[in-house]
Structures are given as structure tokens and as C-alpha cells.
2 protein chains.
Amino acid sequence: MNSKNDRQTTQQERIDSLLSDQGINLTRQRRVIADTLFARNQHLTADQLFEMVKQAGARVSKATVYNTLGLFVKKGLVREIFIDANRTFYDSNTSHHHHFYNVDTGDLIDIKERLAPHFVNHELPAGTAMDVVDLVIRVRNSHP
Amino acid sequence: MNSKNDRQTTQQERIDSLLSDQGINLTRQRRVIADTLFARNQHLTADQLFEMVKQAGARVSKATVYNTLGLFVKKGLVREIFIDANRTFYDSNTSHHHHFYNVDTGDLIDIKERLAPHFVNHELPAGTAMDVVDLVIRVRNSHP
DNA sequence: AACCAATTTATAACTATTCTAAACACCTAC
DNA sequence: GTAGGTGTTTAGAATAGTTATAAATTGGTT
């Protein structure tokens, strides 16, 4: 009706085609998960995303959050960032970039500058192809 | 007695001073764990190390393996490599280097070439100091 | 020998993730 | 419309890795 609702619709359509372009069937759950995750560039754990989806009033199980994130990763729509044994983040920004991780605060921050391409193309092990370059620079607070 | 035992003793002394230089009290368990881990440059999970120590005939609990690895990490004697939510490796080589990880085979391989220092020193977040640079290039088999 | 702090131990607890099998939703054919 | 089939979701159980707990052990010091 008004311009706000028009934007809403457009955003929904944008997300729908994002999924269907990858051959992903549209379901209520996948839509609300995608809506939440792709609302902005962000780093979320599966549990954080699960809570956000609940806050938004949607009834989605945690198993579906995991299933859907796994599907989105496979389709290249999100990127997994493994920080440690009990911290996996899902990054809604799949463009080639890196991260700072503050071990004191738990903050994960984007690095815009890219790693020199010559380095990342340097002599892969025989019989392998590049999948993804994961660069995490761990920092700590200078004055703890 | 013979040259083999001389080397053995020397190796034990080398490891003892490695630990005591860091203010680590020497115990039977810490010695056998260090012996196993520092025998060569290698990437081991806590569980693999636990099994190796058992194979060596030593009675060490898994909790001690975790405690000791945590202590060694804190003292800078080993480096943790977080591959995914259920794969943490401990690298007996703490020199500045990076890794290839083959997602198909699970192999973790050293990269000798270093990341250009200018990049890793580039604009840390305010109030933070560098801890460690973790670069993992994930590859997959070209012909699966 | 007695004491004290540090360490180790078995086991329980915890967390993140994956698995399982049943229920559900949606599409197509009849 | 209803039956059947495929894909999806679900709750809950199961698993794996790791951390916490509290008692027992060790090693060094008076």
C-alpha cells in the first residue's frame, strides 16, 4: 500500500529469487531464516539466528536453522567462520574478505583489505582446487 | 650407555628445559605428553595425542591431556588450529606459518611461505594488540 | 613423618551439532 | 476433491569435543 510496504515486498522478492536462483525450494521457514540473516551484513551463530527468528514471532525449530544454514553454505549464500571449538559464525557477506577476532571481547570484525591474490594462488597441494581462504587475525585488548 | 641412550637423555633434557623455561613444573604426565607432542613437527587432536600417550604405555587421563595442552598453548609452546566445530588441532610447530586444509581428506598441511608482514600489521582495531594470525586455505580434491 | 600447594584423576556436566523417525506440506494425477 | 509421493520440518535423542568438579595423589618443604 504505502512506500514502506512496497520496500517490504521488494526485499521479500529479492530474497525469494536469491534462494530460487540456487534451486532452493521456498518454504515459510527458509524465508524467515533468510529474511533475518540477509537483513544486513552480519556474523551470527546458529543459536543467535534461532533466537532472532523466534523473536520475530516465527515458529522454526533449531534443527531447521541448522539444516537451512547448511543448505545455504552449500549453495554459497553464507560463509562459515570457525573461530573455535564452540563458536561457529555464519557470515551473510560472502564477498572475499577477512576478519579480526578479539579473544577478550568475542567481537568479530570485517577486514576490507584483501589478501594478495598471488599468495592465495600459490602452489595448492597436487590434485586439489581452492575452496575458500580463511584468514582470522586474533587480537587481544592492549590494556586488560 | 650407548649413543642411542645418550640421544634419548639429551632429548629429555631439551624438553625438560623447554617446559621449565616457561615456569612449568615438571611432572611425569607433562613429560610424556611433551615427549610425544614435540617428537616432531605435527598436527594432533587432543584425542590423537591421548591415544598416542596411551600407546606409549603411560597412564595419563584425558583431562590431563586437555589441561596440559591448554597450559602449553598459554605458554606459547604449541599452537591451536581451529578447523571446524569438532576439529581442533595442536601444532607442535609454533613458528609463523599457515595451513592448507583438504576438506575431502581431512589433511592439514603446512604452508612455508609467510603472509606479507605489512598486511598482518595493517590497522588493528583500536585498543588491541596482535595475538596470532590464523590463515587456513581450504581446498578440495579436483577429481572426487 | 607431617604438611601444603600443585597436579591428576574419574566422572559428571555442558555445548554445539548431527541424527532419526514421525508428522507435515505441497504438488500432481486421477 | 482425494490419494499418493516427495521434500521439508520437527522434537527429541544421540554424539563429540571440551570443560568443570571434587576427591585423591604427588612432590617438595619444614
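Order of the sequence lines sets the chain letters (A, B, ...), proteins ahead of strands, with each chain counted from 1. Given the structure is predicted, the values throughout are model-derived calculations rather than measurements. All values below were derived from every heavy atom in this structure, side-chain atoms included, with hydrogens, water molecules and symmetry-related copies excluded.
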- Item | Interatomic distance, B:Gln42 atom CD to B:Asn93 atom CG [nearest 0.5 angstrom] | 11.0 Å
- Item | Non-hydrogen atoms of A:Ile81 and A:His99 that approach each other most closely | CD1-CE1, 3.2 Å
- Item | Joint hydrophobic cluster, A:Tyr101 plus B:Leu135, side-chain heavy atoms closer than 4.5 Å | no
- Message: Return the CG to CG distance between B:Asp16 and B:Leu26, rounded to the nearest 0.5 Å.
- Response: 5.0 Å
- Query: Rounded to the nearest Å, what distance is computed from the CG atom of residue A:Leu19 to the C1' atom of nucleotide D:dT8?
  - Reply: 14 Å
- Relative to the ring of A:His43, is the ring of A:Phe89 parallel (under 30°), tilted (30 to 60°) or perpendicular (over 60°)? perpendicular
- Give the minimum heavy-atom separation between B:Ala46 and B:Val65, together with the two atoms involved. O-CG1, 3.7 Å
- Within residues 23-30 of chain B, find the residues that approach DNA chain D with a heavy atom at under 4.0 Å, and present them sorted by residue number. none
- Query: Which parts of residues 69-93 of chain A get close to DNA chain D, meaning a heavy atom less than 4.0 angstrom away?
  - Reply: A:Ala85
- Task: Report yes or no: do B:Ile33 and B:Leu71 belong to one cluster of Ile/Leu/Val/Met/Phe/Trp/Tyr joined by side chain heavy-atom distances under 4.5 Å?
- Result: yes
- Query: Counting only side-chain N and O atoms of B:Tyr66, is one of them less than 4.0 Å from OP1 or OP2 of D:dT18?
  - Reply: yes
- Query: So what does B:Asn67 hit on the nucleic acid, given a heavy-atom distance under 4.0 Å: a base, only sugar-phosphate, or nothing?
  - Reply: base
- For DNA chain C, which nucleotides open and close the run of contacts to chain B, 5' to 3', at under 4.0 angstrom from a non-hydrogen atom? C:dA6 to C:dT17
- Message: Is there a path of hydrophobic side-chain contacts, each under 4.5 Å between heavy atoms of I/L/V/M/F/W/Y residues, joining B:Leu18 to B:Leu69?
- Response: yes
- Note on the structure: Nearest heavy-atom contact between A:Ala39 and A:Gln11 is CA-NE2, 4.4 Å
- Task: Identify the two heavy atoms, one from B:Asn102 and one from B:Arg140, that lie closest to each other, and give their separation to 0.1 Å.
- Result: OD1-CA, 4.2 Å
- Task: Using modelled atom types only, decide if a donor and an acceptor are shared between the side chain of A:Ser142 and the backbone of B:Thr128 within a distance under 3.5 Å.
- Result: yes
- Query: Of all the nucleotides listed (D:dA20, D:dA11, D:dT18), which has the minimum atom distance to the side chain of A:Ala63?
  - Reply: D:dA11
- Message: I need the CZ-P distance between B:Arg59 and D:dA24, as an integer number of Å.
- Response: 17 Å
